[in-house]
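Everything below concerns the one structure shown next.
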Amino acid sequence: MRVLLVGAGGVGTAVTRIAARRPFLGHMVVADHDLSRAEAAVAALGDAAGGRFSAARLDASDRGAVIALLERERCDVLLNATDPRFVMPLFEAALAAGSHYLDMAMSLSRPHPERPYEECGVKLGDAQFERAAEWEAAGRLALVGLGVEPGLSDVFARYAAEELFDTVEEIGVRDGANLTVDGYDFAPSFSIWTTIEECLNPPVVWEADRGWFTTPPFSEPEVFDFPEGIGPVECVNVEHEEVLLIPRWVDARRVTFKYGLGEDFIRTLKELHRVGLDRTDPVTLPDGTRVSPRDVVAACLPDPATLGDRMRGKTCAGTWVKGTRDGAPREVYLYHVVDNEWSMREYGSQAVVWQTAVNPVVALELLATGVWTGSGVLGAEALDPRPFLDLLTEYGSPWGLREQ
């Protein structure tokens with residue numbers, strides 16, 4: 001398999017370190033707008049690269065340049081490790097070039113113009129699903145939302161519905177951590193651009209008798225007890241792809257996503273919103289320079305990929321499922337925990353970016369070996385979950401199941 005990886009940030013670099021250890025990969029072109037960053041990701045692999053990695057400069061917003069690189073390098077698949085702003089040009093370029101496509105976050109949403117906290121406007125992934133027939137007609141697969149959340153969490157949902165339950169009342173993705181960063185009062189462990197997008201947009205909820213609807217940000221707080229020593233963390237509703245993906249393939253009465261943010265983090269996000277620093281549209285400075293306030297916030301904070309040596313603790317991604325089995329009520333939590341000390345020691349990547357990166361590599365291997373096949377625009381829920389979970393364990397990162 002020949003792969004074009006677009007984005008050599010924290011997640012993209014972790015992808016290279018994981019993929020370098022797997023024999024399925026024929027060649028990976030690591031592309032970034034900053035060529036030195038792509039070259040550094042390849043150079044860091046050392047002998048593990050085995051001649052299977054190369055670096056290229058690429059503007060992810062330039063559809064023509066992406067098509068040309070895919071065709072020149074004869075890439076079978078484009079793996080998108082950029083932020084969601086670049087989903088559509090990369091998604092469209094892959095289709096035009098006849099390549100398969102895989103991302104970890106879907107096309108951006110737009111709130112309802114009049115009732116943003118009650119009704120959906122443009123939902124996450126809508127722009128991609130609108131092109132599904134074209135992908136199917138071309139016989140190509142766009143495997144969307146396949147990081148850890150969304151991604152592994154969706155695999156858990158399909159596995160639970162198939163193997164653990166007869167009927168499913170509710171599926172709730174729950175994400176929490178006890179990570180701290182030495183020397184920083186506020187240092188997000190993932191892209192602040194994406195975090196702002198997720199947390200300040202109206203969260204989406206699915207109910208079978210109502211469909212998709214929205215609520216105010218940070219709604220329905222609950223305390224969820226996370227496993228492996230993380231413990232209780234307050235979680236709130238956040239906009240996330242699972243709620244838009246799971247109901248398309250899994251029969252459930254209700255689907256939610258809640259993120260363990262913490263009071264200080266929520267307060268900071270609310271303040272950024274209050275003063276307009278979450279905006280993405282450019283503002284004009286007195287000297288005439290135009291900048292996006294959200295880009296300024298991102299530039300002022302440390303790069304999450306550089307924080308691994310200062311980070312302590314664990315991160316947990318998982319899916320809570322409630323329903324019935326053999327006529328009796330049942331609740332389970334399927335989860336995946338990564339200890340930052342382990343991921344730094346084994347891969348040199350901090351826990352959150354490593355946990356995100358391992359799942360698309362597992363998916364690529366399943367595609368390369370023909371275990372997963374399909375065409376159109378699909379989420380992980382549309383495919384057999386067991387091979388994915390087995391291969392994740394083979395990668396040395398097992399998952400867990402807790403009866404609630």
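Every heavy atom of this structure was used, including side-chain atoms; hydrogens, water molecules and symmetry mates were not.
- In this view, W249 satisfies the ring pair (Phe, Tyr, Trp, His ring centres under 6.0 Å) rule with no residue, not counting sequence neighbours.
- For the residue pair P247 and E242, the shortest heavy atom distance occurs at CD-O, 3.8 Å.
- Other residues, nucleotides and ligands contribute over 12 non-hydrogen atoms within 6.0 Å of the CZ atom of R325.
- Remark: R22 is not positioned above the aromatic ring of F24, lacking an NZ or CZ atom under 6.0 angstrom from the ring centre and at most 45 degrees off the axis.
- S375 and E136 share no side-chain donor-acceptor pair at under 3.5 Å.
- Taking 4.0 Å as the cut-off between side-chain N and carboxylate O, D390 and R386 count as a salt-bridged pair.
- A cation-pi geometry, defined here as NZ or CZ lying under 6.0 Å from the six-membered ring centre and within 45° of its normal, holds between R248 and F129.
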Original post:
Under the side-chain contact (heavy atoms from CB on, under 4.5 Å) criterion, do F213 and E207 qualify, and how do the steps go?
Top reply: CA-CA 8 Å; F213 62 94; E207 292 181 357; 3.7 Å; yes
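- For E114, the salt bridge (charged side-chain N to carboxylate O under 4.0 Å, His left out) criterion is met by no residue, not counting sequence neighbours.
- For F224 and Y333, the gap between ring centers is short of 6.0 Å.
- Under the 30°/60° scheme for interplanar angles, the aromatic rings of F91 and W135 are found to be tilted.
- A cation-pi arrangement is absent between R402 and F226 under the rule of less than 6.0 angstrom and at most 45 degrees off the ring axis.
- Between C199 and F218 the shortest side-chain heavy-atom distance falls below 4.5 Å.
- Across all their heavy atoms, V223 and P232 have their closest contact at CG1-CB, 3.6 Å.
- Here the side chains of N80 and V87 are in contact, with some heavy-atom distance below 4.5 Å.
- Within a 6.0 Å sphere centred on CG of D182, other residues, nucleotides and ligands contribute more than 12 heavy atoms.
- Of all non-hydrogen atoms in R140 and G98, the two that sit nearest each other are NE-O, 2.5 Å.
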**OP:** Go through the steps to decide whether T280 and R294 satisfy the test side-chain hydrogen bond (donor to acceptor under 3.5 Å, both in side chains), and finish with yes or no.
**Re:** CA-CA 6 Å; T280 59; R294 193 185 300 185; 5.2 Å; no
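- With a 4.5 Å cut-off on side-chain heavy atoms, L4 and L69 count as touching.
- When all heavy atoms of F165 and K322 are compared, the pair lying nearest together is CE2-C, 3.9 Å.
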Original post:
Should E222 and K258 be marked as a salt bridge (Lys or Arg N to Asp or Glu O under 4.0 Å) after you check the CA-CA gap, both sets of side-chain angles, and the distance that decides it?
Top reply: CA-CA 9 Å; E222 67 174 63; K258 293 189 179 183; 2.9 Å; yes
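- With a 4.5 Å cut-off on side-chain heavy atoms, Y101 and L90 count as touching.
- When all heavy atoms of V353 and A14 are compared, the closest pair comes out as O-CB, 4.1 Å.
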**OP:** Kindly indicate, with the supporting measurements, whether the criterion side-chain hydrogen bond (donor to acceptor under 3.5 Å, both in side chains) is fulfilled by T256 and R174.
**Re:** CA-CA 9 Å; T256 59; R174 300 292 184 264; 3.1 Å; yes
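- Nearest heavy-atom pair across H240 and L124 is C-CD1, 3.7 Å.
- One finds no salt bridge joining E169 and R253 here, because no Lys/Arg side-chain nitrogen approaches an Asp/Glu carboxylate oxygen to under 4.0 Å.
- Counting heavy atoms from C-beta outward, V238 and N201 have side chains that stay 4.5 Å or more apart.
- No side-chain heavy atom of Y335 sits less than 4.5 Å from a side-chain heavy atom of L152.
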